[in-house]
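This chain uses plain numbering: 1 for the first residue, then up along the sequence.
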Amino acid sequence: MFGVLTPCRHALDDELMDQWRSHLCGVCLSLRNNHGQTSRLTVNTDAVMVSILTAAQSSAECASTEAGRCPLRGMRTATVVSADEPGVRLAATTSLTLAAAKATDVSNEQDHALAPRTRLRAGVAGRAGRYLRRRAGTDTAVAAGLDVDGVLTTLARQAEVESSSRILDDLTSASADAAAQVFSASAMLAGVPGNRDALESIGADFGRIAHLLDAVDDYDSDDREGRFNPLRATGTPPAAALDDCRRLAATIRKRYADLTLVDDRLLRVVLLDGLRHAIHKRMHRETDPSMPVADSRTQWPPHRPFGYPAEWPYPPPFKPDRAFHERLLPFLGVSCLGKACCVDHWNHCTDKYKVAACDDCNCCDCCDCCDL
């Protein structure tokens, strides 16, 4: 959905980490196979959570398939959730739908003077939005259950609402409605209609949290670049927005107990713990603006976080919570140029410290390259 959830890898044991990767790779491969290579750029962690949410409700075990080697897995094969699974199909459709809505919003913001006008940016966003909208409706059964057209229509009104309202609930209502539709659709696809009402409420609260956290993150940059920010527009301090997020997250936890779930171990870590982590890591930045504090998105804390393996070097030679494009080149350099075979190294995809791939073999005995 919005890329809010970043489950802590140290909270996932080996089994749950394999399940997480299975859903993530399953969604990515589903987009590639059904919509082309470029569609994989729309994958985000919130959409993967939708696949996990659907699977947690279903009594049937997820079908799996073997995936080929991928640079993001260190050129390893993997067992991934099949592209035919309802959760993966919903996650893929959700990724495309919300990417289309984001592209449309870029154009609409400029049309309503909510952002600086850039002809190239508006043109590219317009074409991308139309293409993504067509792709989002390709899986007709899932698109009908999700009501893709309804979600896009709701989100397309965002710029109009921002132009006319200065009430925070109004400004976050489109995100709430869209997320509510996605969450409730998962119940129908999983064959558990009894979860629909609770999931609709949970989704609405999740959508509001996502919108508020995005506004907190962009609070200063939007001001510098002349873009609309719902917190500044309504005079809401970031600390107050984070308090609202904590209240909404607590409500989600209460409603979560009403759901009928089969195996929710991974869902609990990704959704509940993921929300708590997303809110908590932003809280300390609003405690005392006069104090220089480390930004958890760009700096590591001075001491090892709880659960950080003692045998790993600290601090890592990269910032926490890097974006995909910031991971790609370092990962390719380590994995494809031989360093991973010869020395202990960081896996820039998983942020885990790995031993050399050739630790258990005498690779230098196979040729005279080490005698030079």
Side-chain angles (χ1 to χ4, degrees), residues 1-31 40 42-65 67 72-73 78-98 139 142 145-146 178-192 195-196 198-203 205-207 209-210 249 252-253 255-278 350:
M1 243 111 41
F2 308 92
V4 169
L5 301 174
T6 52
C8 179
R9 292 177 176 86
H10 307 311
L12 299 171
D13 59 26
D14 290 342
E15 180 185 358
L16 293 183
M17 188 65 198
D18 287 343
Q19 290 183 26
W20 164 257
R21 187 180 295 111
S22 178
H23 282 276
L24 173 62
C25 295
V27 174
C28 183
L29 292 176
S30 174
L31 286 166
R40 302 169 82 176
T42 67
V43 176
N44 63 74
T45 53
D46 295 353
V48 177
M49 182 273 297
V50 172
S51 175
I52 296 168
L53 172 62
T54 308
Q57 299 174 74
S58 177
S59 57
E61 186 176 352
C62 283
S64 61
T65 186
L72 298 181
R73 290 193 298 269
T79 302
V80 306
V81 178
S82 172
D84 296 330
E85 279 295 303
V88 169
R89 293 166 61 195
L90 177 60
T93 301
T94 298
S95 295
L96 294 166
T97 301
L98 295 173
D139 190 337
V142 174
L146 177 58
Q181 286 181 254
V182 173
F183 275 61
S184 62
S186 74
M188 303 308 294
L189 288 174
V192 191
N195 281 344
R196 185 167 187 174
L199 283 175
E200 187 172 345
S201 297
I202 290 173
D205 289 340
F206 180 89
I209 290 175
I252 287 176
R253 283 186 170 272
R255 288 174 174 153
Y256 184 90
D258 297 330
L259 297 177
T260 300
L261 301 171
V262 178
D263 182 356
D264 71 332
R265 292 175 299 158
L266 180 58
L267 178 64
R268 183 176 292 274
V269 173
V270 173
L271 177 58
L272 299 186
D273 293 349
L275 276 177
R276 180 183 57 79
H277 175 67
T350 64

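- Here the CG-CE distance, from Leu146 to Met188, works out to 13.0 Å after rounding to the nearest 0.5 Å.
- You'll find the side chain of Arg21 reaches within 4.5 Å of the side chain of Asp18, heavy atoms only.
- A 4.5 Å side-chain heavy-atom check between Ile202 and Asp205 finds every atom pair outside the cut-off.
- Pairs passing the salt bridge (Lys or Arg N to Asp or Glu O under 4.0 Å) check and including a residue from residues 82-94, sequence neighbours excluded, read Arg89-Asp139.
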Is there a salt bridge (Lys or Arg N to Asp or Glu O under 4.0 Å) between Arg255 and Asp258? Walk through the geometry before answering.
CA-CA 5 Å; Arg255 288 174 174 153; Asp258 297 330; over 6 Å; no
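- Formation of a donor-acceptor pair under 3.5 Å by the Asp264 side chain with backbone atoms of Leu267 is not found in this model.
- When all heavy atoms are compared, the tightest approach of Gly145 to Ala185 is O-CB, 4.0 Å.
- The only member of Val81, Val48, Ile52 that meets side chain to side chain contact (heavy atoms under 4.5 Å, CB included) when paired with Leu24 is Val48.
- With sequence neighbours excluded, no residue satisfies side chain to side chain donor-acceptor pair (under 3.5 Å) with Thr65.
- When all heavy atoms of Leu275 and Leu5 are compared, the pair lying nearest together is N-CD2, 3.7 Å.
- Applying the side-chain hydrogen bond (donor to acceptor under 3.5 Å, both in side chains) test to residues at least two apart or on different chains, the pairs with a partner in residues 48-58 are His23-Ser51, Gln57-Ser186, Gln57-Asn195.
- Distance CZ/Phe183 to CG/Leu53: 6.0 Å, rounded to 0.5 Å.
- For Arg253, the salt bridge (Lys or Arg N to Asp or Glu O under 4.0 Å) test picks out Asp273, with sequence neighbours left out.
- Note that OG1 of Thr94 is 10.5 Å distant from CD of Gln181, once rounded to the nearest 0.5 Å.
- The two residues Cys62 and Ala55 come nearest to each other via the heavy atoms SG-CB, 3.5 Å.
- With sequence neighbours left out, the salt bridge (Lys or Arg N to Asp or Glu O under 4.0 Å) criterion links Glu15 to Arg265.
- Leu199 has its side chain out of reach of Phe206: every pair of non-hydrogen atoms, C-beta onward, lies at least 4.5 Å apart.
- Residues passing the salt bridge (Lys or Arg N to Asp or Glu O under 4.0 Å) test with Arg40: none are found, sequence neighbours excluded.
- Nearest approach of Leu90 to Val142, heavy atoms of both residues: CA-CG1, 3.8 Å.
- Under the 4.5 Å side-chain criterion, counting only non-hydrogen atoms from C-beta, Val80 is not in contact with Val88.
- Note: Leu98 CG to Asp46 CG = 9.0 Å, rounded to the nearest 0.5 Å.
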